[in-house]
Amino acid sequence: MYELKTKETDVSVIEFIESVDHPKKREDAYRLLDIFTEVSGHEAKMWGPSIIGFGRYHYKYQTGHEGDAPLVGYSPRKAKISLYFAPGDEREQLLQQFGKHTTGKACVYINKLDDVDEDILKALIQQTIDFVQKTYPDA
């Protein structure tokens, strides 16, 4: 049976952020910690070895695959900062005003916080929480 790799852990979020090599990326990671905590209202938890997540929800797909995931999160990776947001039309509209970024299916990648609009970032976090709570009412 498939086992999820990304699970909530007891690793310290602060210790993880302190382990980020690049000083500017570490500074951005702390700022993101403040923003995500403020908007989500949830305490930060480590998910897997490198994702800082906020809140949690349980999902179950039609295929029967199910698991738990953070409502929203981010990861200060070596190359870029990964922001984990729900997909959808509203996200795409917000991203048009977000600033310098690239996207994947559920990830938005930025080089640094100075490249993006923090108000739009807060809107993306809230939009994701609203989307997940609507899609998974027990979230």
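Excluded from the calculations below are hydrogen atoms, water molecules and symmetry mates; all remaining heavy atoms, backbone and side chain alike, are included.
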Glu92 CD: over 12 foreign heavy atoms closer than 6.0 Å: yes
Would you call Lys78-Asp21 a salt bridge at under 4.0 Å N-O? yes
Cluster question for you: counting only ILVMFWY and a side-chain heavy-atom cut-off of under 4.5 Å, with indirect links fine, are Ile110 and Leu33 together? yes
Side chains of Leu83 and Leu124: does their closest heavy-atom pair fall under 4.5 Å? no
Within one Ile-Leu-Val-Met-Phe-Trp-Tyr cluster: Val72 and Val116, side-chain cutoff 4.5 Å: yes
Intermediate values then yes/no, side chain to side chain contact (heavy atoms under 4.5 Å, CB included), Trp47 and Tyr84: CA-CA 12 Å; Trp47 286 75; Tyr84 299 97; over 6 Å; no
Does some side-chain heavy atom of Arg91 sit less than 4.5 Å from a side-chain heavy atom of Gln127? yes
Taking the side chain as every heavy atom from C-beta outward, state whether Tyr57 and Pro70 have any atom pair closer than 4.5 Å. no
In short, Lys80 meets Asn111 closest at the heavy-atom pair NZ-OD1, 3.0 Å
Do Leu71 and Ile35 sit in the same hydrophobic cluster, where Ile, Leu, Val, Met, Phe, Trp and Tyr count as joined when their side-chain heavy atoms come under 4.5 Å apart? yes
Of all the heavy-atom pairs spanning Ala44 and Ile52, show the shortest one and how long it is. CB-CG2, 3.8 Å
Could you tell me which non-hydrogen atom of Pro49 sits nearest to which non-hydrogen atom of Phe16, and how far apart they are? O-CE1, 3.5 Å
Under 4.5 Å between side-chain heavy atoms, counting indirect links through other Ile/Leu/Val/Met/Phe/Trp/Tyr residues: same cluster for Val20 and Ile51 or not? no
Mutual orientation of the aromatic rings belonging to Phe85 and Phe36 [parallel < 30°, tilted 30-60°, perpendicular > 60°]: parallel
Within a 6.0 Å radius of atom CG on Asp89, are there more than 12 heavy atoms belonging to other residues, nucleotides or ligands? no
Given side chain to side chain contact (heavy atoms under 4.5 Å, CB included), test Asp115 with His101 step by step and report yes or no. CA-CA 8 Å; Asp115 289 342; His101 71 280; over 6 Å; no
Are Ile120 and Tyr74 grouped together when hydrophobic residues (ILVMFWY) are joined by side-chain heavy atoms under 4.5 angstrom apart? yes
Would Leu32 and Leu121 count as a side chain to side chain contact (heavy atoms under 4.5 Å, CB included) if you check the C-alpha gap in whole Å, the side-chain angles of each, and the deciding distance to 0.1 Å? CA-CA 10 Å; Leu32 286 166; Leu121 172 62; 3.7 Å; yes
Using a strict 4.0 Å threshold on nitrogen-to-oxygen distance, state whether Lys24 and Asp114 make a salt bridge. yes
What are the two closest heavy atoms between Tyr109 and Gly104, and how far apart are they? CE1-N, 3.9 Å
Could you tell me whether Lys25 and Asp28 have a side-chain N and a carboxylate O separated by less than 4.0 Å? no
